[in-house]
Amino acid sequence: MTNLGATPILIALVAGFAAFVLAVLTYRGTWLVGAMKKWLFTTDHKKIGLMYIATGILFFFIGGIYATLIRTDLGLVQGLGLDPQTTLGISPNVYSTLFTMHGVLMIFMFVMPTLAGFGNYLVPSMIGSREMALPRINAIAFWLIPPAGVILILSNANAGWTGYVPLSVDLPGNGINLWILGLHILTVSSMLGAVNFLVTIVKHRAPGVEYWNMPLFVWATLINSVLLIFALPSLSIALTFVLSDRVFGTHILAAANGTPLGGALLYQNIFWFFAHPEVYIMVLPAFGIISTVIPKLARKDIFGYGAMAISLGVFAVLSFAVWEHHMFVTGIATNVRFVFMLSTMAIAVPSAVKTFNWVATLWGGRIWMALPMWFSVAFVTGFVIGGLSGLMLASIPIDYLYHGTYFVVAHFHYILLGGTLMAIFAGIYFYYPILTRRWYNQRLGHLHFLLSYVGVNLLLFPMFLLGSEGMPRRVYTYLWTGNFQLLNFLSTMGAYIFGIGQLVFLFNMVYSYYAGDPVTTADPWGEPLPSTMTGPTPAPAPLPRRAPVAIPSAAAPEGP
């Protein structure tokens, strides 16, 4: 039954891609061959960055299909009193595959590649470098990602995205083995990319570009690379232990005799030592994007540049000191839990520094409420809700109450959907006219924002209520009690609204590339006329030959 999760998706993807290739070859064969050579063998950081982003968006939609099936089961089918097994064919095993693949693809195949794409496209230009330090390694790092994504989908893993033992050790078949292989390939890719970013930023800055006048996006990418280098080996160790137990019978995590509890706790400690820094790996570049967009469209330098840069470093340090809060309910010693509770609460300080500095940057500014600014404000609101709910979960008694419920699901998704995803959209809309020299359709863009913002909040906020009423997470069905049916139905409606918004976004990006209004100014986000503060104000001006190189550094703050 677990094969039902990915087979239709793979068949649809392969058929669609084959039809597309056949159509293009029929009408524009020579052009296609030339274009493929230009992109497949490129070492240009801009092209590689765009391929990262395109790959991430592709897997965003694939992961969204899994999520839509989950919400259809929980909210629509069961909300109407139907049986998910007879209606959708969703058994417990199929449901486990759905939420496992949704989590893995969204984290490792959407968020991380997309943010790496922004880094590839922007960082060399922002520091005055012509290219990444290791261009060929940069290309290799990207081309490891698509095959890893295919392997992950083929795995149909159903042990949860965390792969907890003893479940991941005991499950039969080769699904978990393929899942581990895919994650190992992605780990190699991320390590290569992190080392490349680190060397580029440290050694390839242009004269005059110092640490204390670099754009905050470069700071975020630098610290993010350090996090990856220190966190990823922990994931590789945990996965190798699981693979060794499964294939060679080593019993590193699975006890040879008696209870496997010790192995389960060992795995959780190693895994979460990676996975909590991973949360900040997925949000630090988003901080950098927001710290680029807000000053530019508020017509002010970023408020508290030094504090913003230092807070990024504090995030990195504290992110390695809080992993045990994922294990408050495992029975570890109280004094150990107390230390991790304090460190988890302490991480709210750099979060507050960044939030208040973004608000202070807006305060008194001549704000252009263009679409990137709308998404930036949405990021701040989503990050605040996710952060405050995380502060609640840092308390040991509250975590005991909510740990296995949908409250945690809402908290985590507010950070990623309400936060990181909104920052990604802000970055896409901000750099789209710079890259394509065409404006996106304004009405479609605002419709996308409205559907996304309403959809995300309608999707996630009922989960807080579900969690407070005690609905457990990671279950494919639930008891008819309290408001479970109503709240799940509302959450699913939010998911549908959000999904429609993403289809609008995709159409807008493709349509505007061919039919959008041309950008006729050197800087698309330059000073607009007072009477047109709600949209772009093109004015005749000569186009510079390398405008995309100069624009990103325009928002760089001055040194203190």
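- In this structure, S395 and M345 have side chains that are in contact, with non-hydrogen atoms separated by less than 4.5 Å.
- Here F505 contributes atom CZ and L503 contributes atom CG; the two are 11.0 Å apart, rounded to the nearest 0.5 Å.
- Considering only heavy atoms from C-beta on, F273 stays 4.5 Å or farther from I270 through its side chain.
- Classification of the H448-Y429 ring pair by plane angle, with boundaries at 30° and 60°, yields tilted.
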Working for side-chain contact (heavy atoms from CB on, under 4.5 Å), residues I294 and K300: CA-CA 8 Å; I294 286 181; K300 287 177 61 181; over 6 Å; no
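- Looking only at side-chain heavy atoms (C-beta outward), I201 and W219 stay at 4.5 Å or farther from each other.
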Mind running side-chain contact (heavy atoms from CB on, under 4.5 Å) on F60 and L506 for me, showing each step along the way? CA-CA 11 Å; F60 169 63; L506 188 62; over 6 Å; no
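- Within the 3.5 Å criterion, the main-chain N or O of F340 finds a donor-acceptor partner in the side chain of S343.
- Atom CE of residue M132 and atom CG of residue N138 lie 4.5 Å apart, to the nearest 0.5 angstrom.
- The OG1 atom of T114 sits 10.0 Å away from atom CG of L58, with the distance rounded to the nearest 0.5 Å.
- More than 12 non-hydrogen atoms from other residues, nucleotides or ligands lie less than 6.0 angstrom from OH of Y211.
- T100 and A159 make their closest contact through OG1-N, 3.7 Å (heavy atoms, listed as atom of the first residue, atom of the second, distance).
- S190 places no side-chain N or O within donor-acceptor distance of the main-chain N or O of T187, the cut-off being under 3.5 Å.
- Applying the side-chain hydrogen bond (donor to acceptor under 3.5 Å, both in side chains) rule to R71 yields the partners N488, T492; only residues at least two apart in sequence or on another chain are considered.
- Within 6.0 Å of OH on Y164 lie more than 12 heavy atoms contributed by other residues, nucleotides or ligands.
- Between the CG atom in D399 and the OG1 atom in T405 there is a gap of 9.0 Å [rounded to 0.5 Å].
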Apply side-chain contact (heavy atoms from CB on, under 4.5 Å) to residues I145 and L186 and explain how you reach the verdict. CA-CA 6 Å; I145 291 178; L186 290 174; 4.2 Å; yes
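- Atom CZ of R136 sits about 9.0 Å away from atom CD1 of I140, to the nearest 0.5 Å.
- Side-chain contact between M373 and L362 is present, with heavy atoms from C-beta onward closer than 4.5 Å.
- Summarising the local packing, CZ of F320 is surrounded by more than 12 heavy atoms from other residues, nucleotides or ligands at distances under 6.0 Å.
- The shortest non-hydrogen separation linking M106 to G63 is CE-C, 3.5 Å.
- Ring pair F287/F379 is perpendicular by interplanar angle, where above 60° counts as perpendicular and below 30° as parallel.
- Classified by interplanar angle (parallel below 30°, tilted 30° to 60°, perpendicular above 60°), the ring pair Y95/F99 is tilted.
- Judged by distance alone, the side chain of R473 and the main-chain N or O of G467 form no donor-acceptor pair under 3.5 Å.
- More than 12 heavy-atom neighbours from other residues, nucleotides or ligands sit within 6.0 angstrom of CH2 on W272.
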Stepwise side-chain hydrogen bond (donor to acceptor under 3.5 Å, both in side chains) test for Y414 and N457: CA-CA 8 Å; Y414 254 112; N457 286 279; 2.9 Å; yes
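- Taking the six-membered ring for Trp and the full ring otherwise, the centers of Y52 and F142 sit less than 6.0 Å from each other.
- When every heavy atom of H45 is checked against every heavy atom of N120, the shortest pair comes out as ND1-O, 2.7 Å.
- The distance between the ring centers of F375 and F449 falls below 6.0 angstrom.
- Within 6.0 Å of the CZ atom in F61, the count of heavy atoms belonging to other residues, nucleotides or ligands exceeds 12.
- The heavy-atom pair separating G193 from A141 by the smallest distance is N-CB, 4.2 Å.
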Show, in sequence, the C-alpha distance, side-chain angles and deciding distance for H184 and T240, and conclude whether the side-chain contact (heavy atoms from CB on, under 4.5 Å) test is met. CA-CA 9 Å; H184 272 322; T240 302; 3.4 Å; yes
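- Taking the six-membered ring for Trp, F118 and Y121 have ring centres at least 6.0 Å apart.
- The CG atom of L181 lies 12.5 Å from the CD1 atom of I176; values are rounded to the nearest 0.5 Å.
- The aromatic ring centres of F425 and W374 sit 6.0 Å or more apart.
- Shown here for S168 and G163, the closest heavy-atom pair between the two residues is OG-O, 2.8 Å.
- At a cut-off of 3.5 Å, with distance as the only test, no side-chain donor of S491 or Y406 sits close to an acceptor on the other residue.
- Pairing each heavy atom of I229 with each of A194, the nearest pair is CG1-CB, 3.9 Å.
- Side-chain atoms of R337 never come within 3.5 Å of backbone atoms of G331 as a donor-acceptor pair (strictly under, hydrogens ignored).
- Within the 4.5 Å cutoff, the side chain of L105 has no heavy atoms near those of the F110 side chain.
- Contact check for W323 versus Q268: no side-chain heavy atoms found under the 4.5 Å cut-off.
- Here the side chains of L152 and M109 are in contact, with some heavy-atom distance below 4.5 Å.
- Counting only distance, with no hydrogens or angles, the side chain of S234 and the backbone of A231 share no donor-acceptor pair below 3.5 Å.
- Residues V314 and V349 have side chains not in contact (no heavy-atom distance under 4.5 Å, counting atoms from C-beta outward).
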